[in-house]
Amino acid sequence: VADGSRQNPIVMTDIGPGYGTSGRWGGLIIQGRAGNSSCDDAGACNAYSTGLGFSGGGDEFDDSGVLKHVVINGAGQHRGYFDDALDPHIEIRSGGLTLQSVGQGTLIDTLQIDNTGSGASVQFSGGSVNAKRLVLTHQGSTMLSMDSGYVGNLQHVFVNQRDWSYLGSAIRVSSDEMASRKTMPTLANFTVVGSRGEYHGGDELPEPDTHIIGITGGAGVFIHNTAV
């Protein structure tokens, strides 16, 4: 349980409030037992996420606790390690807040995710948890990512990018084309602000990905009262 208040929010960072550099720690990861596109619809499973353990199951009302009035600052570390049992070298691009198969019994309300490094500011991988009053700031690539059959509701969300990613969408919604459980969130009362950044990947300039919301793999999204 991380239950702060408006006057005294809980700040998660590597050295304290006011820290302004990104990618210095791994961020917050919450794993639950709600549905995931990697799971059998009949019951529990262990959906594997590289380097981050297991999650998933059949309980859409799974309770992973409370996350309220919390600031996550400077997360999103890109790191690698060796694991002979799985792969000679594994790379992990962690974000600010990663929610894997988290159920509707979890309370997520009033968060700011600031200065995230390599991963998304917030990633919903499977599950059906609802969240409201999110402020996502100072990220150069995907701010909000939803995948692996996430079907929750998000409302009252403000997205303000540092620089718009040349090859990425501010909001990305994706599914496995072969999975029976598709990513299908509902987004309401969103405001998205940003400007497209420059390409630094090589001499040959590709076509930019100018989509504010990128939807792939048979995923879908319901959008209400949103300004860009």
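Keep in mind the model is a prediction, meaning the values are calculated, not measured. Side chains included, hydrogens not; waters and symmetry mates left out as well; all remaining heavy atoms used.
- Hydrophobic clustering, with ILVMFWY side chains joined whenever heavy atoms are under 4.5 angstrom apart, groups I10 together with W25.
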>> side-chain contact (heavy atoms from CB on, under 4.5 Å), that's the test. Do N36 and R181 meet it? Break it down for me.
In response: CA-CA 7 Å; N36 188 290; R181 180 186 175 112; 5.7 Å; no
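- Checked by atom type, the side-chain pair S125/S148 shows no donor-acceptor distance below 3.5 Å.
- Residues that satisfy the side chain to side chain donor-acceptor pair (under 3.5 Å) test with D3, not counting sequence neighbours, are absent from this structure.
- Distance alone, capped at 3.5 Å, is enough to place a donor-acceptor pair between the E60 side chain and the G35 backbone.
- The salt bridge (Lys or Arg N to Asp or Glu O under 4.0 Å) pairs that include a residue from residues 97-109 are D109-R133, where partners are two or more places apart or lie in different chains.
- A continuous path of hydrophobic side-chain contacts links I213 to L134 [ILVMFWY only; heavy atoms under 4.5 Å].
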>> Evaluate Q100 against T98 for side-chain contact (heavy atoms from CB on, under 4.5 Å), listing each step before the verdict.
In response: CA-CA 6 Å; Q100 298 176 336; T98 303; 3.8 Å; yes
Between side-chain atoms of residues 219-228 and protein atoms elsewhere (two or more places apart, or another chain), which donor-acceptor pairs fall under 3.5 Å?
from : atom 1 : to   : atom 2 : distance (Å)
N225 : ND2    : N189 : OD1    : 2.5
T226 : OG1    : H224 : O      : 3.1

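- Closest of all the heavy-atom pairs between G149 and T183 is N-OG1, 3.0 Å.
- Every residue meeting the side chain to side chain contact (heavy atoms under 4.5 Å, CB included) condition with T106, not counting sequence neighbours, appears here in chain and number order: D63, S64, V102, I108, V129.
- Sorted by first and then second residue, the pairs that involve residues 94-135 and meet ring pair (Phe, Tyr, Trp, His ring centres under 6.0 Å), not counting sequence neighbours, are F124-Y150.
- What you find for A75 and G95 is that their closest heavy atoms are CB-O, 3.8 Å.
- Among all heavy-atom pairs drawn from S175 and G218, the shortest one is CB-C, 4.3 Å.
- Note that OG1 of T137 is 7.0 Å distant from CG of N160, once rounded to the nearest 0.5 Å.
- Hydrophobic clustering keeps V151 apart from V122 (ILVMFWY residues linked when any side-chain heavy atoms are closer than 4.5 Å, directly or through intermediates).
- Annotation: side chain to side chain donor-acceptor pair (under 3.5 Å) contacts of S145 (sequence neighbours excluded): none.
- Note: T142 OG1 to L136 CG = 11.5 Å, rounded to the nearest 0.5 Å.
- Residue K182 places its NZ atom among more than 12 non-hydrogen atoms of other residues, nucleotides or ligands, all under 6.0 Å distant.
- Separation of atoms CE (M146) and CG (L99) is listed at 12.0 Å; rounding is to 0.5 Å.
- Of the possible donor and acceptor atoms, none in the side chain of K132 sits under 3.5 Å from a partner among the backbone N and O of V157.
- Scored by the side chain to side chain donor-acceptor pair (under 3.5 Å) test, Q104 finds S128 as partners (sequence neighbours excluded).
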>> Is there a side-chain contact (heavy atoms from CB on, under 4.5 Å) between I72 and L111? Walk through the geometry before answering.
In response: CA-CA 8 Å; I72 299 174; L111 309 182; 5.7 Å; no
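- Partner of H138 under the side-chain hydrogen bond (donor to acceptor under 3.5 Å, both in side chains) criterion, out of N115, N73, D114: D114 alone.
- One hydrophobic cluster holds both M143 and M12 under the rule that ILVMFWY side chains link at heavy-atom gaps under 4.5 Å.
- Residues F190 and L154 come closest through the heavy atom pair CE1-O, 3.6 Å.
- Taking S174 as the reference, nothing meets the side chain to side chain donor-acceptor pair (under 3.5 Å) condition, with sequence neighbours excluded.
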>> Pair I30, L67 - check side-chain contact (heavy atoms from CB on, under 4.5 Å), show working.
In response: CA-CA 10 Å; I30 300 176; L67 198 62; 4.3 Å; yes
